[in-house]
Number of protein chains: 2
Amino acid sequence: MVGHGARGRSGGRPTLEEVAARAGVGRGTVSRVINGSPRVSDATRAAVEAAVAELGYVPNTAARALAANRTDAIALVVPEPETRFFAEPYFSDMLKGVGSELSDTEMQLLLIFAGSDRERRRLAQYLAAHRVDGVLLVSVHADDPLPDMLSQLEIPAVISGPRSAAESLASVDSDNYGGARSAVEHLLSRGRRRIAHITGRLDVYGAQRRVDGYRAALRDAGHAEDEQLIEAGDFTEEGGRRAMAELLRRRPDLDAVFAGSDVTAAGARQVLREAGRSIPDDVALVGYDDSAIARHMEPPLTSVRQPIEEMGRAMIDLLLAEIADRRPAASRGLDRHQVVLATELVERASS
Amino acid sequence: MVGHGARGRSGGRPTLEEVAARAGVGRGTVSRVINGSPRVSDATRAAVEAAVAELGYVPNTAARALAANRTDAIALVVPEPETRFFAEPYFSDMLKGVGSELSDTEMQLLLIFAGSDRERRRLAQYLAAHRVDGVLLVSVHADDPLPDMLSQLEIPAVISGPRSAAESLASVDSDNYGGARSAVEHLLSRGRRRIAHITGRLDVYGAQRRVDGYRAALRDAGHAEDEQLIEAGDFTEEGGRRAMAELLRRRPDLDAVFAGSDVTAAGARQVLREAGRSIPDDVALVGYDDSAIARHMEPPLTSVRQPIEEMGRAMIDLLLAEIADRRPAASRGLDRHQVVLATELVERASS
DNA sequence: ATCACTCGTGGGAGCGCTCCCACACTACCT
DNA sequence: AGGTAGTGTGGGAGCGCTCCCACGAGTGAT
């Protein structure tokens, strides 16, 4: 032990080697016990565990990462500024699911915001340095370069909300098509006949699927297609107001509106009120997301709930599987997994 | 290069050694350039930088952590369940300050929730493994064992809101004493004479300091101490209601209330209303925190603003200094830093 | 009794870096 | 001229772990 003055052996953290000496076994054996290998006799295992407890041994993560070429950490990347993250319950629910699914694992979760350009550059560095074993991507826009960067770096990744039907990354999504269908079928069952739809941003795949579901439900019920009842929105309140006004102008006789999001529905509600239409008597209103705003609206808004927490859990499952698969020379197939979870219609007074 | 089959030299990420070969220099020299040491000639530095760029070299964090015995990461530990974290703007503001101050650093920020017992045990493991160079502690209760654990592990830490006047950890706080003073002085200047105080939880040091400030302001204005005007609350709305009712019973002639928090003020307001007192005509009301609730109250609530974002920045400054100090055998003194930031009274219609 | 396994175990080599010592080489003094 | 500081540089040793090869001891078939 020459040089490296202050870093001496004395009071520092115990190493594998020291545990091995204490237990009277070899380094390899201790490593096997620590990592839960079955190839250790019960007696030896007990001796090692005792030594670990006595010495208060805790593995050195850096050394392990270096030797094993893995980090035991995954990142949840949010390509939004912090503010939006905190504002939307979506993220906190997602985080809850992710956290709970991860809690029986040794994996560490990192939360990374990449809203600004600067943050994105940092993130790129971070990923290039392979500081995480895998990445969870939420709320990604269609033209985001992030997913491709991840593919290129061969970092396992799971995306919530595929960018298209041909999403190349593993993905978890809720059943936008089915959710929209159920909303429209609900309105039909309530006797509504002229059901309008304010869409979400149509460059978001999920929003397109909702339009598809809306159309299918009407078609299957024997209604003729009526393009006049569809107006593009963008998930915002302002967009909802604009679209609602336009719909009322075109089809003043409409008796129901299925909005692409709760926020959109809030905008629509405002315009309906100003136009003197009562909800739900004159016009029934259904939203999407079942966010807090739906519960607090006046009247409370019927909405399609997505199982966000469960989606978070599913994302972790997929990601851990991908990481495990990749460890031994991966089977580079395009058989990536796409998980779709069912939605649930939450009926309230607005319909 | 025997064994370690698949891990061969071929297409993997470039190493320091390879950069050195490319640049025609030694390993040590590349390391010096990477770490910004001044002891490198300009010509050599340029050559190394070129090689780094050509090869797309990114340092291996694990190797660096192992060799240098540091992680370049710090943790923001929130001893609360996620839900509260997301509910209170306090945390998101804090996070913003922390993030901005950290962004010119190589340091990585980890967000760790330790609300449940299980999470706390994980955290203990995590800290014992020294997976971070330092810890930021927010919203710690007086009897929390976490701070002491950190001291024992000799992990640099900064706490927001000291646990007592004798806080042993470095800490950042807002000027609770001064904030309370300014609130009371404001009420005095508005001609109020019988100013009551609903305290916060008195096992929180900051709440005690607010009481001290309240007392001092009255004393300095020549008012006699009147214990009947002080009632203990607990930062909650319900506590505010209870305390307000009690105060009204004891001193129906009071003409102002300084509440320990905005939420407490909201509770007090309710009781005042029910008692037929108008705000601010009969009773002026001042809160603390300047949270969203203050802006949205009817009437808008005058409140003491704490510079939370700035506090986050200050915490990082302190922590980075502690980490830097500790690298070379630390000067184990009790000269820890305590930073106190000024508050600001935000005047609104309630006073 | 011999061979062929299997099982549990010890320990060498190596992961990619930082730290530091040693070694030129160049100035600048006496 | 010889000494004395610097300055820039190369590379050995070591961080604590995992991976894997080798080896002894036990077990059962031949």
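Computed from heavy atoms alone, side chains included, the values below leave out hydrogens, waters and symmetry copies. Chain identifiers are assigned alphabetically (A, B, ...) following the order of the sequence lines, protein sequences preceding nucleic acid strands; residue numbering begins at 1 within each chain. Fair warning: this is a prediction, and the values are worked out from it, not measured in the lab.
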- Task: With sequence neighbours excluded, give me every ring pair (Phe, Tyr, Trp, His ring centres under 6.0 Å) pair touching residues 100-128 of chain A.
- Result: A/F85-A/F113

- Item | ring pair (Phe, Tyr, Trp, His ring centres under 6.0 Å) contacts touching residues 14-49 of chain B (sequence neighbours left out) | none

Side chain of [X] - closest among [options]:
X: B/R32; options: D/dT7, C/dC20, C/dC17; answer: C/dC20
X: B/V25; options: D/dT9, D/dG10, C/dG14; answer: D/dG10
X: A/T15; options: D/dG8, C/dG12, D/dG16; answer: D/dG16
X: A/L66; options: C/dT18, D/dG16, D/dG10; answer: D/dG16
X: A/L16; options: D/dC17, C/dC7, C/dC17; answer: D/dC17
X: B/R27; options: C/dG16, C/dG10, D/dG12; answer: D/dG12

- Is the closest basic N to carboxylate O distance between A/R313 and A/E309 below 4.0 Å? yes

How close or far is atom [atom2] of [N] from atom [atom1] of [X], stated in whole angstroms?
X: B/R70; N: C/dG16; atom1: CZ; atom2: C1'; answer: 14 Å
X: A/R131; N: C/dG16; atom1: CZ; atom2: C1'; answer: 15 Å
X: A/L55; N: D/dG16; atom1: CG; atom2: C1'; answer: 15 Å
X: B/D72; N: C/dC17; atom1: CG; atom2: P; answer: 14 Å
X: B/R39; N: D/dG6; atom1: CZ; atom2: P; answer: 10 Å
X: B/N35; N: C/dC19; atom1: CG; atom2: C1'; answer: 11 Å
X: A/N69; N: C/dG16; atom1: CG; atom2: P; answer: 8 Å
X: B/N60; N: D/dC15; atom1: CG; atom2: P; answer: 18 Å

- Counting any heavy atom closer than 4.0 Å, what does B/R64 reach on the DNA or RNA strands: base, sugar-phosphate only, or nothing? sugar-phosphate

- Item | Any B/M107 side-chain heavy atom under 4.5 Å of B/I316 side chain | no

[N] phosphate, OP1 or OP2: any side-chain N/O from [X] under 4.0 angstrom?
X: B/S31; N: C/dC17; value: no
X: B/T29; N: D/dT9; value: no
X: B/S41; N: D/dG8; value: no

- Note on the structure: Whichever of B/T44 and B/A63 has the more 5' nearest nucleotide on DNA chain D, that residue is B/T44

- Task: Could you tell me whether A/E54 atom CD has more than 12 heavy atoms of other residues or ligands within 6.0 Å of it?
- Result: yes

